[in-house]
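Before any comments, here is the structure.
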Amino acid sequence: MAAVKTGPGITTTAYPFSIFTPDTSRILPSKGLNNPELLVVDSTKRLFPIYFCGEEVPVNEPRVSRRWAQTLRTYGAQEEFLFDLRSRASEFFPIIDPILRKYKIPRDFRFMPLAESALDNRSVSYRGAAGYWQIMPGTARELGLKVNGKVDERLNLEKATVAVCRHLHQLYRELGSWTLVAAAYNGGITHVMNKMEQQGQTSYYRLRLHRETSHYLFRILAFKELLTNPRQYALLLRGSTIAELTKPLPSWHKPLALPKKIKDAPTIELVDEDFTDPTWGPRPNTALTKAPSDTDQLIASAALAKNTRMHQMPI
């Protein structure tokens, strides 16, 4: 069987027409599951759209497709790590998300500390970056955090997240793209802007950056996709992995204690103290990223009230 070839998009001209009949559509290419094309296209040869902060990832480009497939394979094989990461995220996202919302930072940045520290506050890089967000000491002080021999506010999730939000806005004012903002957070804005000027490119996916920075966004996207939509990657993940990543978490997984108000926003409530979501985790399609609209909630409330009245009517 001829191999599928990639170009600007996925082509199928190398296959005989009969492969698209129902009986042979189940046959895998000669590479079996170790085939990047299987990870980015569905059975009708259409690309799965992937977005970061509303900016589309050009997975139809061969270089991007290969890097994306490699990253998915790497992290998709680390079952225990993914399970542990999902458990931590269920505790920390209820703290991070409201702060991102308050500062108008796109929600996809909730996955950045997963790539930075695996949500392990004990993580310290060889250069001295520390905390959930892996902030450098000098940057932390510039952003108003206390870092000295007695206090290190980089280890305070709430304060560090507020500081990161301010930093992300500073980067966005310079770069105008959330994708480039993520790259600059990892590699530094000077490095990113110099490479943009030298190479005449404004797309993260076409820039030749430091190796770590070139792979950085793909790691964030891998955590996002594997934790929120694992079924889409059924050809990559084991059945047991998908089962673990989609089952409800135990009811004892509750958000960490957090004051309802933060220092610089006294009217903003971050987390309901009684809030708990035992079923946090992957759901089909967009359940994690799209909440019901006000209209949908009103309609649902009206329907519930109507059903309640009907049940209460005497027979």
Side-chain angles (χ1 to χ4, degrees), residues 1 3-4 6 10 24-52 56-93 107-120 182 205 214-250 253 277-290:
M1 181 182 293
V4 174
T6 58
I10 300 299
T24 57
S25 63
R26 300 176 184 177
I27 299 177
L28 293 174
S30 57
K31 295 180 183 179
L33 296 181
N34 188 26
N35 182 359
E37 292 154 4
L38 293 177
L39 306 181
V40 295
V41 297
D42 63 16
S43 59
T44 61
K45 303 297 185 264
R46 294 173 304 183
L47 294 169
F48 287 136
I50 305 169
Y51 297 89
F52 179 73
E56 187 169 6
V57 180
V59 289
N60 60 312
E61 296 181 10
R63 180 169 173 262
V64 176
S65 176
R66 286 194 298 270
R67 185 163 294 174
W68 176 228
Q70 177 187 3
T71 308
L72 280 173
R73 281 199 299 269
T74 298
Y75 289 101
Q78 300 178 28
E79 293 186 13
E80 292 186 8
F81 175 65
L82 287 175
F83 302 159
D84 185 52
L85 204 58
R86 182 194 178 209
S87 178
R88 295 182 194 175
S90 71
E91 299 179 33
F92 293 117
F93 278 3
R107 198 181 188 206
D108 281 351
F109 278 97
R110 72 198 316 220
F111 298 99
M112 182 181 283
L114 277 65
E116 287 287 343
S117 66
L119 289 174
D120 185 348
Y205 304 100
S214 294
H215 288 80
Y216 183 65
L217 188 64
F218 291 90
R219 291 168 55 210
I220 296 174
L221 288 168
F223 290 133
K224 173 187 174 182
E225 291 295 306
L226 293 174
L227 293 180
T228 63
N229 197 14
R231 291 187 181 93
Q232 181 163 289
Y233 304 97
L235 289 172
L236 169 71
L237 301 174
R238 293 193 180 99
S240 59
T241 303
I242 295 177
E244 287 291 332
L245 291 176
T246 54
K247 74 179 184 181
L249 288 168
H253 278 271
D277 183 3
T279 61
W280 183 92
R283 299 175 176 82
N285 301 325
T286 57
L288 269 182
T289 56
K290 289 187 178 179

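All residue numbers refer to positions in the sequence shown, counting from 1.
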Would you name the heavy atoms of [X] and [Y] that are closest together and state the gap between them?
| X | Y | value |
| --- | --- | --- |
| Leu221 | Tyr51 | CD2-O, 3.7 Å |
| Tyr75 | Leu82 | O-CD1, 3.4 Å |
| Ala182 | Leu217 | CB-CD1, 4.0 Å |
| Leu114 | Leu227 | CD2-CD1, 3.6 Å |
| Ala222 | Thr71 | CB-CG2, 3.8 Å |
| Phe111 | Ile220 | CB-CG2, 3.8 Å |

Would you compute the distance between atom [atom1] of [X] and atom [atom2] of [Y] and round it to the nearest 0.5 angstrom?
| X | Y | atom1 | atom2 | result |
| --- | --- | --- | --- | --- |
| Glu56 | Tyr205 | CD | OH | 9.5 Å |
| Arg219 | Met112 | CZ | CE | 10.5 Å |
| Gln232 | Ile50 | CD | CD1 | 7.0 Å |
| Arg231 | Ile242 | CZ | CD1 | 8.0 Å |
| Thr246 | Asn229 | OG1 | CG | 11.0 Å |

Quiz item: Which of parallel (below 30°), tilted (30 to 60°) and perpendicular (above 60°) describes Phe52 and Phe109?
Solution: perpendicular
Quiz prompt | Partner set under side chain to side chain contact (heavy atoms under 4.5 Å, CB included) for Asp120, not counting sequence neighbours | solution = Arg88, Arg122, Ser123
Quiz item: With distance as the sole criterion, is a donor-acceptor pair present between the side chains of Glu225 and Tyr233 under 3.5 Å?
Solution: yes
Quiz item: Considering residues at least two apart in sequence or located in another chain, which fulfil the salt bridge (Lys or Arg N to Asp or Glu O under 4.0 Å) criterion with Glu244?
Solution: Lys247
Self-check item: salt bridge (Lys or Arg N to Asp or Glu O under 4.0 Å) partners for Glu79, two or more places apart
Solution: Arg238
Quiz item: Under the 3.5 angstrom rule, does the side chain of Lys224 hit a backbone N or O of Arg110 as a donor-acceptor pair?
Solution: no
Exercise. State whether the side chain of Ser90 and the backbone N or O of Ser87 hold a donor-acceptor pair below 3.5 Å, judged by distance alone.
Key: yes
Decide yes or no for [X] and [Y]: does some side-chain heavy atom of the first lie under 4.5 Å from some side-chain heavy atom of the second?
| X | Y | result |
| --- | --- | --- |
| Val64 | Phe218 | yes |
| Pro230 | Thr241 | no |
| Tyr216 | Glu116 | yes |

